[in-house]
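Heads up: the structure comes next, in structure tokens.
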Amino acid sequence: MKTKRRPPARTSRGENGTVQHVAINGERMVALPEPEYKRLLQKADEWEPPMPELDGKGTYPAVEALCVSLARKIIRDRRRLGLTQAELARAAGIRLATLQSAESGKRPPSVATVDKIDRALSRLEKKTR
């Protein structure tokens, strides 16, 4: 039985540590230290809309907090499925600008828009299983 020779891993120095380029099952992968991976995950979440300022009672304004929570959920579900905004908008049958507005968390999207996005995400998630 013949075994395939694997090329040696190529190592380069990244911004925050050593990064290795390896091939697994013929697919090129990047390996990096776990602290760097965690930093990148945290950085990826920085572009989500921030929660509104707390009011004098120490609570969030309800409508604004709801808009941001909904926006974050849409963004996280879309990213988890590996979709771009354009792909999700097309699948939901809405304009890209409508999805961008919903993901900004600044204004509440209509119930119909949320329903279309939710149905599209559910449909696409079933395809990936």
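Just so it is clear, the structure is predicted and the values come from calculations on it, not from any experiment. For the single chain, residues carry numbers from 1 onward in sequence order. Computed over heavy atoms, backbone and side chain alike; hydrogens, waters and symmetry mates excluded.
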For a quick test of reading the model, state the closest non-hydrogen atom pair linking [X] to [Y] and the distance between them.
X: P50; Y: R72; value: CA-NH2, 3.7 Å
X: S101; Y: R107; value: OG-NH2, 3.6 Å
X: P49; Y: S104; value: CB-O, 3.3 Å
X: E103; Y: A71; value: O-CB, 3.5 Å

- Item | Backbone of L96 reached by a side-chain donor or acceptor of R90 within 3.5 Å | no
- Do side-chain atoms of N25 reach the backbone of E27 as a donor and acceptor pair under 3.5 angstrom?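 The answer is no, because no donor-acceptor pair under 3.5 Å joins these two groups.
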- Message: Is it true that S110 and T113 share a donor-acceptor pair across their side chains at a distance under 3.5 Å?
- Response: yes
- Message: So that I can tick it off, tell me whether R76 and E48 are bridged by a salt bridge, with the cut-off set at under 4.0 angstrom between side-chain N and carboxylate O.
- Response: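 Yes.
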- Message: Taking the basic N atoms (NZ, or NE/NH1/NH2) and the acidic carboxylate oxygens, is any pair closer than 4.0 Å for E125 and R80?
- Response: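 Salt bridge flag = yes for R80 with E125.
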- Members sharing L81's hydrophobic cluster (side chains within less than 4.5 Å): L70, I74, L83, L88, I94, L99, V114, I117, L121, L124
- Message: Checking one residue: Y60. Which other hydrophobic residues are in its cluster under the side-chain 4.5 Å linking rule?
- Response: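 ILVMFWY cluster around Y60 also holds M51, L54, V68.
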- CD on E36 to CZ on R39, rounded to 0.5 Å: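 Interatomic distance, R39 CZ to E36 CD, rounded to 0.5 Å: 4.0 Å.
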- Message: Within this structure, what is the CG-CG distance for the pair L40 and L32, rounded to the nearest 0.5 Å?
- Response: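 Spacing of CG (L40) from CG (L32) equals 6.5 Å.
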- Item | Close side-chain approach of R28 and H21, heavy atoms under 4.5 Å |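 The answer is yes; the side chains approach within 4.5 Å.
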